[in-house]
Structures are given as C-alpha cells and as structure tokens.
Amino acid sequence: MTHKIREVYIVHHSHTDVGYTDLQEQVIYNQANNIRRAVELIENGIKNNTTQKDLKWNCETWYCVEQFFKMATEEEKEKFFDLVKKGNIGLSANYLNFNDLADCKYLKEKIHTIQEICGEKGIQIKTAMIADINGISMGQRDALIENGVEFLYTNIHTHHGMYPLYQNQKPYFWENEDDVKQILLYMESIQNPANFRALASRISKKKPILALKAGRSAAGASAASSHTGSLAGADKAANALLMQSGVIREYSLENLFATAKVFANCPIPKGDRVAIITNSGGPGIMATDAVCEYGMQMAQLSDATKETLRSFLPAAASVKNPVDMIASAPIEHYKQTLETVIADENVDMIVVIYLPFLGLKDIDVARAVMDIKERHPEKPIVGVFMTTNSFFAQLSEMKVTVPFLMYAEQAVDGLNRLNQQRLWVNKPVGQIPTFSVDKDRARAIIRESIDQGREQLTTRESIDVLEAYGVRVCQSGFAVDEQEAVAIADRIGYPVVMKMTSKTTSHKSDVGGVRVNIQSADELRAQYRDLVEKLKARDLLEGLEGVIIQEMVKGSREMVCGIASDPQYGHMVMFGLGGVFIEVLKDVIFRLAPLTDVDAEEMI
C-alpha cells in the first residue's frame with residue numbers, strides 16, 4: 001500500500017525557561033517522552049494510512065529530537081528511523097536550548113550530530129532555513145511543506161538577550177553541507193554587518209541565500225527595534241549589504257516560498273535566454289513582458305527548432321517565442337513542443353503555461369512536464385498552471401520535481417532569481433584599492449567646522465577636502481572681492497563658473513549663488529555685483545565668505561556622489577543623477593563602504 005504520509009516534521013520549539021536548573025531536568029524529560037509519543041502517532045498514522053494534513057493535528061506538538069537521541073534506547077531509536085524511512089518523513093532539527101547558544105563551536109557540533117545521524121539513516125536534508133524569532137517560524141515551515149520543499153529548519157533564538165547568536169554566524173553552519181542546497185533567512189536586524197558580509201559573500205558563491213528582511217518602513221523598523229532589542233538600521237543600508245553579499249532579498253513570505261520552490265527544483269541556468277510555451281496568448285504575452293522588465297532575453301529559437309514545431313503544430317499556432325500552441329493543444333503537443341524547445345542551444349530557461357481547455361487535465365500535463373524534466377535536468381523549467389486549487393492540493397501528495405506556480409509573473413520572477421544567482425556566482429570578487437591621502441589636512445578642515453558649530457562644509461572647504469583625498473576637481477580659485485574674482489578668471493580662461501561659498505547657506509541655487517557660462521571680465525563683474533545685491537536683499541550677506549571661480553566644464557549629465565552614515569551599518573557611498581533634479585527623481589544608488597572596483601563600476 002502506498003502511504004499518504006510524506007513529511008512529518010518533529011521539532012522542538014520550547015518557550016520554557018530551561019536556563020533554570022530546577023526546571024531543566026523536567027523539561028528534557030518531557031521532551032524525550034513527547035518524542036516517544038510522536039513515534040507512536042506516526043506509527044499509527046502509517047498503519048491507518050492517515051493523510052499528512054490529518055496527522056499534523058496530532059503530531060505538531062513541539063518535540064526535542066536531540067534530547068530523545070540522548071535518552072532513548074537503541075531499540076527506540078531504530079524504531080524511530082524505521083518509521084521515518086517507511087513514511088518518507090522529513091526531519092526538522094529545531095532542538096537548541098537557550099543555554100546552548102553561548103558557545104558557537106558547541107552549537108555547530110550539536111547541529112552536525114543530527115545531520116550525521118540523519119545521513120547514516122539515509123535521510124537527506126536539502127534546505128536550511130534560519131529565523132531569528134519564534135512566532136513566524138511555524139507558519140513558514142508549513143508553507144514550505146505545502147510547496148514541496150524539504151528542509152532542515154533551525155530556529156536559533158535568544159532568551160532575554162542573554163546569549164545572542166547573530167545572523168552573521170548562522171549561514172556558516174550550512175556552508176559545507178552538500179545536502180543543504182539553499183539557505184533561507186528571516187531577519188529583523190543584522191548585528192555585525194561587516195562579518196555578515198564576509199561570510200555571506202563567500203557562502204552565496206556556493207549556494208543561494210534567500211532573505212526576508214523585515215523593518216523596511218519607519219514603523220516596521222521601530223517594531224523590529226523593540227522586538228530584537230537592537231536598532232533595525234536604515235533599509236537602504238540593509239539592502240546595500242544584502243546585495244553586496246550576494247543575498248537574494250525577498251519582500252514577502254509568499255515570494256520567499258515561491259523562490260525557495262524554484263531553487264529547490266531548478267539548476268542554475270547557463271544564461272538569461274527564456275523560452276515560453278503556452279496554450280493561450282494572453283499569459284504568454286504577460287510572461288514576455290515580465291522577462292523584458294527583468295532585463296532578461298527572449299530566446300531566439302533556431303530555424304531548425306521552428307521548422308520542427310511547424311511539422312506538428314496547427315497552422316494557427318505561433319512557432320516564434322513565445323510559442324503559442326493555441327487552446328486546442330493536446331498533451332502530445334505539450335510533450336513534443338517542450339522536447340523540441342529544450343533541445344535548442346539558444347534556450348537557457350523555459351516557462352510552460354497551461355490553461356484548462358477542451359478537457360485536458362492539468363495533472364496529466366504536469367506529469368508530462370516532470371517526465372521530460374527528469375530526462376533533461378540541465379535546464380530550469382517552471383510551470384504556470386492557471387487552474388483550480390485542487391491541482392496544487394494534488395501536487396502536495398506527489399513527489400514534485402518542477403516548480404508549479406499560478407501566475408506567469410511569479411514564474412518569471414523565479415527565473416530572474418535563478419539568473420541573479422548565476423550572475424553573482426560568475427561575478428569577479430573585485431579588489432579594494434588603496435590611495436595616498438592627506439588625512440591630517442582633511443581632519444583639520446572638518447574639525448574647524450565642528451568647532452564653529454556648523455554641520456556642513458562650505459564649498460571652499462569641500463573642494464579642499466576632495467583635494468586632500470586626491471579627487472580631481474576643476475581648476476579653481478577663491479576670491480573675497482570682485483577684483484580677485486576677475487584676476488582668477490583671467491588666469492583660468494573664460495568661460496568660467498562663479499559659486500558663492502557661505503557658512504550659512506548650503507543650497508546655493510536657491511539664492512542664485514551659482515552663475516555659469518560667464519564669458520568675459522565685464523560679465524563676471526556684473527554677475528558678482530548682482531549676487532551681492534541679492535544676498536543683501538535676503539539678509540544673507542553676512543555669511544558670505546567669498547566666491548569660487550572655476551573653469552566651465554560641459555557634459556551631458558550632472559552626477560552626485562556622497563557619503564551617508566548609518567548607526568548600525570556604517571558608511572554608505574551614494575552615486576547618481578545630480579543637480580537640481582536629485583530630490584525629485586532620486587535616481588541614486590547606495591553601497592556600503594569599502595567599495596571594490598567591481599562595486600564602483602556597477603554603481604556607475
């Protein structure tokens with residue numbers, strides 16, 4: 001008899017204060033007895049052919065596997081693993097007590113204990129999922145189970161902040177575990193960004209790391225701070241850190257699980273060329289739009305491929321990409337079309353779209369797609385089945401080897417994530433260059449500004465700091481009156497630019513403090529006098545230090561480059577479209593310092 005039970009997750013999720021000595025022995029005893037009860041429930045479930053859904057109501061009490069291994073007899077252990085294998089039961093090892101968290105080395109040893117035992121018994125663990133809170137974890141686990149993702153789930157949490165174990169350490173546990181194919185993170189804060197970046201950058205080259213980072217909004221960040229007892233940090237900084245670390249960020253649980261499903265069932269593609277097979281034009285067009293919006297390519301099918309498609313598809317069908325087999329397509333056309341397209345060397349990834357027409361059963365098409373995937377595992381295939389929920393319920397009772405989603409945009413988003421991982425793995429590591437700079441000069445300029453109670457440097461001071469750091473600036477000179485301004489302009493050569501420098505006015509354009517394309521000495525005198533009059537009228541003349549006369553540089557774009565400091569993540573470099581439109585268009589990008597040469601090139 002084929003048993004309906006596929007996965008039963010036995011976990012420990014204790015909220016008990018096991019750190020207290022007088023309670024610890026009792027808690028461990030209860031956990032060990034609960035696992036014995038779980039074995040009985042599973043055994044009865046298998047005998048009675050209980051469905052996984054029904055069994056969850058009986059078996060979802062939280063058990064401590066590790067303590068069971070310590071206290072159970074050899075006969076009980078063998079019985080437990082025999083049931084695991086008979087029922088094809090997935091094992092989740094969430095077994096860490098609060099007081100185990102003080103020693104990371106000990107923690108890693110404990111994790112390996114469960115992995116070694118599972119390995120000896122032929123139980124494979126494919127996905128490691130990590131969360132830094134308890135409440136969200138059970139729902140995450142259930143959703144992954146329903147999506148057919150097998151995983152080792154570890155909820156490493158702290159008790160009253162006594163033994164903090166931060167996210168920057170967690171992925172390290174799964175770095176060299178071949179059975180762990182991807183790592184999922186839920187995070188509210190990142191306590192040690194530099195260490196996280198070093199570890200995640202290395203690990204993500206070996207396997208995908210997917211992260212759901214909460215606290216994007218100001219209110220969410222405030223809640224996260226209250227929840228974790230630490231500053232959540234600016235979301236721009238967190239986003240920059242994750243991107244520079246090769247971590248794929250998701251913004252909802254739905255997307256996190258969908259992406260996990262894709263990575264669990266698809267290889268990393270060799271390129272970004274996508275082919276779309278559909279029996280309805282509309283979803284095919286929507287998928288095409290999504291491919292283009294993500295910056296991927298629609299695959300150019302070869303002439304040989306199109307000729308083969310014409311040989312069996314009806315005349316009304318389209319053999320260009322997207323391949324529209326039209327609504328009358330039987331299952332044989334799905335098989336032949338997929339076999340033909342997957343063999344095309346110009347195709348890296350494939351989306352198969354199904355809509356229920358003419359009595360064609362969705363589950364039959366899904367089985368056909370999975371059969372072909374088994375024979376051609378080298379290319380990612382994602383199914384879009386716009387059908388009833390009963391189809392996805394059927395999938396939960398099957399061994400699924402292709403990710404099936406409801407909508408075309410979801411499928412293309414998954415392919416984009418695969419492509420994102422491909423680009424990251426192939427991306428050069430980059431070098432952090434060093435430069436000879438005059439730190440003492442820059443420090444003295446900034447110190448003087450602070451001593452004067454100013455939060456911003458003047459234009460003159462900013463130019464001096466740039467020069468101290470070897471940043472090339474335009475030819476310029478500082479003038480305190482009209483005659484000096486003309487003398488500097490005569491030396492530089494016309495046309496020139498005149499910029500006011502003031503200790504009280506930072507936005508020069510607002511008061512007419514920038515005059516460009518000045519062609520002669522007479523024009524410069526007139527512009528200088530006009531500036532002085534306007535400052536007088538606004539009662540701003542007292543803050544005027546003088547004017548900067550610069551050579552006129554012409555270009556097609558104006559850029560902005562700056563430094564922002566985040567209390568948790570450190571310094572960020574900003575680069576983007578500058579000038580008067582910066583506040584309106586906000587076409588800027590942030591990256592955490594230090595930048596590699598590859599980071600800098602990508603920002604530009």
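Below, all heavy atoms of this structure are taken into account, side chains as well, without hydrogens, waters or symmetry copies.
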For M386 versus P356, what's the shortest heavy-atom pair and its separation?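 So the minimum-distance heavy-atom pair works out to O-CD, 3.3 Å.
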
Check L592 against Q244 and note the closest heavy-atom contact, atom names and distance. N-OE1, 2.6 Å

Could you tell me how the ring of F404 sits relative to the ring of F391: parallel (under 30°), tilted (30 to 60°) or perpendicular (over 60°)?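 Perpendicular, since the angle between the ring planes exceeds 60°.
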
R591: salt bridge (Lys or Arg N to Asp or Glu O under 4.0 Å) partners, not counting sequence neighbours: none

Is [X] reaching over with its side chain to a backbone N or O of [Y], donor-acceptor style, under 3.5 angstrom?
X: Y354; Y: L360; value: yes
X: K373; Y: I381; value: no
X: Q336; Y: T308; value: no

Answer yes when [X] and [Y] have at least one side-chain N-carboxylate O distance shorter than 4.0 Å, and no when they do not.
X: K335; Y: E332; value: no
X: R249; Y: D235; value: yes
X: E378; Y: K270; value: no

Between S302 and N346, is there a side-chain donor-acceptor contact under 3.5 Å, judged purely by atom types and distance? no

Side-chain heavy atoms of K207 within contact of F263, under 4.5 Å: no

Separation of L405 CG from D413 CG (nearest 0.5 Å): 9.5 Å

